[in-house]
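Data first, discussion second: the structure below is written as structure tokens.
Being a predicted model, the structure only gives us computed values, none of them experimental. Along the sequence shown, residues are numbered consecutively beginning with 1.
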Amino acid sequence: QVQLVESGGGLVQAGGSLRLSCTASGRTFSSYTMGWFRQAPGKEREFVAAISWSDSSTGYAGSVKGRFTISRDNAKNTVYLQMNSLKPEDTAVYYCAARYGSIWYSLEKKYDYWGQGTQVTVSS
């Protein structure tokens with residue numbers, strides 16, 4: 001079992017930055033591929049970014065590529081999502097997810113564990 005706790009959400013103006021953190025406990029963090037997803041009001045949850053545990057390869061949704069950066073610190077059992085140049089359409093609840101294995105996926109059904117989510121609101 002893996003427990004995930006997100007933090008770092010909040011209210012920011014368009015063009016600003018936020019860094020989300022997700023701290024894991026319960027199993028060997030370094031064996032898990034980590035992902036970030038988000039869900040805006042009235043919309044389905046969507047993939048944002050992911051990072052493999054083995055070679056730290058990363059993947060991003062087209063809508064955030066070049067603005068968001070995912071990274072991880074295995075010593076701290078933490079994965080980060082640095083969000084720059086934020087837009088109002090980035091407003092959503094952001095979820096951290098984990099899957100055992102070295103391959104990252106953009107499909108949420110591939111992830112086994114989920115955090116409770118953290119709210120990000122970007123004002124125009």
In the single-linkage hydrophobic clustering (I, L, V, M, F, W, Y; side-chain heavy atoms under 4.5 Å), do [X] and [Y] co-cluster?
X: W53; Y: V48; value: no
X: Y80; Y: V93; value: no
X: M83; Y: I51; value: yes

Residues 10-22, side-chain donor-acceptor partners within the protein, below 3.5 Å, at least two apart:
residue, atom, partner, partner atom, Å
S17, OG, N84, OD1, 2.9

- Task: Start with the C-alpha distance between T121 and T91, add both sets of side-chain angles, then the distance that settles side chain to side chain donor-acceptor pair (under 3.5 Å), and finish with yes or no.
- Result: CA-CA 5 Å; T121 303; T91 295; 5.3 Å; no

- Task: Quick one: do V79 and W36 satisfy side chain to side chain contact (heavy atoms under 4.5 Å, CB included)? Show the steps, please.
- Result: CA-CA 9 Å; V79 62; W36 285 98; 4.0 Å; yes

- So L4 and M34, side chain to side chain contact (heavy atoms under 4.5 Å, CB included) or not? Walk me through it. CA-CA 10 Å; L4 304 173; M34 304 299 294; 3.9 Å; yes

Of all the heavy-atom pairs spanning [X] and [Y], show the shortest one and how long it is.
X: K43; Y: Q39; answer: O-NE2, 3.0 Å
X: A49; Y: Y60; answer: CB-CD2, 3.6 Å
X: G115; Y: Y95; answer: O-CD2, 3.6 Å

- Qualifying salt bridge (charged side-chain N to carboxylate O under 4.0 Å, His left out) pairs with a residue from residues 77-96, counting only residues at least two apart or across chains: R38-D90, R67-D90

- Message: Quick one, F68 and L86 - any side-chain contact, counting heavy atoms below 4.5 Å?
- Response: yes

- Query: How many angstroms lie between atom CG of N74 and atom OH of Y32, to the nearest 0.5 angstrom?
  - Reply: 13.0 Å

- Spacing of K65 atom NZ and T58 atom OG1 [to the nearest 0.5 Å]: 8.0 Å

- Is E6 reaching over with its side chain to a backbone N or O of T118, donor-acceptor style, under 3.5 angstrom? no

- Message: Tell me whether T78 contacts the main-chain N or O of D73 through its side chain, where contact means a donor paired with an acceptor under 3.5 Å.
- Response: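 Side chain of T78 to backbone of D73: no pair is present.
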
- Task: Decide if atom CD of Q116 counts as having more than 12 heavy atoms of other residues, nucleotides or ligands within a radius under 6.0 Å.
- Result: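 No.
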
- Task: Please list all pairs passing the side-chain hydrogen bond (donor to acceptor under 3.5 Å, both in side chains) test where one or both residues lie in residues 100-112, with sequence neighbours left out.
- Result: R45-E108

